[in-house]
Amino acid sequence: MEQKELWFIANWKSNKNVSEALEWINTVGPRLHNNPNLKVVVCPQFTELAEVKKAVLINNYPIIVGSQDLSPFPEGSYTGEENAKEVKQFADLSILGHSERRKNFNETDQLVAEKVKQAIKVGIIPLVCIQNQNGLVPEGVKLVAYEPPDAIGTEHPDSPDNAQAVAKHLKEMRGDLKVLYGGGVSGETAAAFIKQEDIDGLLIGHHSLDAIEFIQIIDSCSVV
Ligand code: PGA
């Protein structure tokens with residue numbers, strides 16, 4: 001059977017300085033084989049993006065660099081914003097609409113849809129996070145992460161069966177979607193999600209911070 005394409009996305013959230021980020025990259029990078037079906041993505045804070053991208057390029061590591069957000073506006077007078085065109089210098093994917101942003105920064109579906117438009121315009125893959133099977137998936141989005149907020153930051157992920165049911169429902173609504181699961185994933189639970197027919201990968205937060213643990217998660221799914 002042909003191996004399905006699998007995504008393993010490390011969401012570092014608001015953690016790591018430049019030297020910690022580079023140590024992680026130089027630990028994970030050499031341990032990954034070049035496997036076209038394995039998409040490993042790391043999403044640092046904006047302040048680490050340039051150095052992380054440089055390290056990936058110089059060492060030719062099979063790692064995609066992503067951002068955790070981007071501006072809903074193009075370049076211009078938007079103080080403090082990181083516009084998609086400049087983010088694209090370093091990142092090929094952006095996590096958009098994470099529940100921590102919806103909760104702490106009042107992000108709405110409408111705002112997320114604007115960010116998606118900006119990402120698509122410059123060729124950044126928008127990875128949209130939704131909280132349940134009725135979450136809005138803006139037009140043009142091909143990659144979503146189902147992340148039940150109660151599971152995030154805990155050691156209690158959703159059940160693989162339920163995540164599979166949500167993923168299946170989403171794909172029935174939109175045939176061209178890939179669906180990741182995120183929220184409380186660790187080395188103990190990762191493989192049970194990956195085994196589900198409609199789950200195409202994992203978005204991993206606190207258990208991605210340790211480089212060796214992150215590799216072990218990928219390894220536990222037999223795809224390092
Ligand atoms: P967690 O976070 O793995 O720490 O639960 C996942 C996420 O919020 O993307």
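Residue numbers run from 1 in the order of the sequence given. All values below were derived from every heavy atom in this structure, side-chain atoms included, with hydrogens, water molecules and symmetry-related copies excluded.
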Trainee: Verify whether one side chain among Q164 and D198 offers a donor that lies under 3.5 Å from an acceptor in the other.
Mentor: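 The criterion, which ignores hydrogens and geometry beyond distance, is satisfied for D198 and Q164.
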Trainee: Mind running side chain to side chain contact (heavy atoms under 4.5 Å, CB included) on L180 and V144 for me, showing each step along the way?
Mentor: CA-CA 6 Å; L180 317 185; V144 298; over 6 Å; no
Trainee: Do L177 and I199 belong together in a cluster built from hydrophobic side chains that touch within less than 4.5 Å?
Mentor: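 Same cluster: L177 reaches I199 through Ile, Leu, Val, Met, Phe, Trp or Tyr contacts under 4.5 Å.
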Trainee: Looking just at side-chain N and O atoms, do S14 and Q45 make a donor-acceptor pair shorter than 3.5 Å?
Mentor: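 Their side chains do contain a donor-acceptor pair, which is all the 3.5 Å distance test asks for.
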Trainee: Without swapping roles, check the side chain of Y181 against the backbone of G183 for a donor-acceptor pair under 3.5 Å.
Mentor: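 Such a contact is found between Y181 side chain and G183 backbone.
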Trainee: Kindly indicate, with the supporting measurements, whether the criterion side chain to side chain contact (heavy atoms under 4.5 Å, CB included) is fulfilled by R174 and L170.
Mentor: CA-CA 6 Å; R174 287 270 289 267; L170 290 165; over 6 Å; no
Trainee: Could you check whether any side-chain N or O of S208 sits under 3.5 Å from a backbone N or O of I204, counting only pairs where one atom can act as donor and the other as acceptor?
Mentor: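 Yes, S208 side chain to I204 backbone: donor-acceptor pair under 3.5 Å.
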Trainee: Flag the pair I64 / V42 as yes when at least one side-chain heavy-atom distance between them is below 4.5 Å, and no otherwise.
Mentor: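 They are not in contact (no side-chain heavy atoms under 4.5 Å apart), so the answer is no.
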Trainee: Looking only at side chains, do E155 and H206 share a donor and an acceptor under 3.5 Å apart?
Mentor: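 A pair is found: one side chain offers a donor N or O, the other an acceptor, under 3.5 Å apart.
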Trainee: For residues V166 and H169, determine if any side-chain heavy atom of one lies less than 4.5 Å from a side-chain heavy atom of the other.
Mentor: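 Of all side-chain heavy-atom pairs linking H169 with V166, none is under 4.5 Å.
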Trainee: For E172, I'd like to know if atom CD has over 12 heavy atoms of other residues, nucleotides or ligands within 6.0 Å.
Mentor: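 Yes, CD of E172 has more than 12 neighbouring heavy atoms, counting only those of other groups under 6.0 Å.
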Trainee: Is there a donor-acceptor pair closer than 3.5 Å between any side-chain N or O of Q68 and the backbone N or O of K13?
Mentor: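 Between the backbone of K13 and the side chain of Q68 there is a qualifying donor-acceptor contact (under 3.5 Å).
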Trainee: Using only heavy-atom distances, determine whether the side chains of Y146 and N132 contain a donor-acceptor pair under 3.5 Å.
Mentor: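 Result is no, nothing qualifies.
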Trainee: Please report the C-alpha distance between R102 and E107 in whole Å, then the side-chain angles of each, then the deciding distance to 0.1 Å, and finally whether the salt bridge (Lys or Arg N to Asp or Glu O under 4.0 Å) criterion is met.
Mentor: CA-CA 4 Å; R102 294 178 193 260; E107 287 200 4; over 6 Å; no
Trainee: Drop me the distance from K85's NZ to Q118's CD, to the nearest 0.5 angstrom.
Mentor: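 Answer rounded to 0.5 Å: 11.0 Å.
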Trainee: Does the E147 side chain pair with the main chain of I130, one donor and one acceptor, at a distance under 3.5 Å?
Mentor: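 Checked: no pair found.
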Trainee: Can you tell me if N59 uses its side chain to pair, donor with acceptor, with the backbone of Y61 under 3.5 Å?
Mentor: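 Not confirmed, N59 side chain does not pair with Y61 backbone.
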Trainee: Under the 3.5 angstrom rule, does the side chain of D200 hit a backbone N or O of V179 as a donor-acceptor pair?
Mentor: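 Side chain of D200 to backbone of V179: a pair is present.
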Trainee: Counting only heavy atoms from other residues, nucleotides and ligands, does the tally under 6.0 Å from CD of Q89 exceed 12?
Mentor: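 Result for CD/Q89: enclosed.
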Trainee: Does a side-chain heavy-atom distance below 4.5 Å link V40 with P62?
Mentor: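 Heavy-atom side-chain distance check fails, nothing below 4.5 Å.
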Trainee: Side chain of W24, backbone of K16: donor and acceptor closer than 3.5 Å?
Mentor: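 Absent.
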Trainee: Can you tell me if R101 uses its side chain to pair, donor with acceptor, with the backbone of D69 under 3.5 Å?
Mentor: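 No: the side chain of R101 does not pair with the backbone of D69.
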Trainee: Within the distance-only criterion (no hydrogens, no angle test), does the side chain of D219 pair as donor or acceptor with the backbone N or O of S222 below 3.5 angstrom?
Mentor: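 No: the side chain of D219 does not pair with the backbone of S222.
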Trainee: Between the side chain of H33 and the main-chain N/O of N35, is any donor-acceptor distance below 3.5 Å?
Mentor: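 Such a contact is absent between H33 side chain and N35 backbone.
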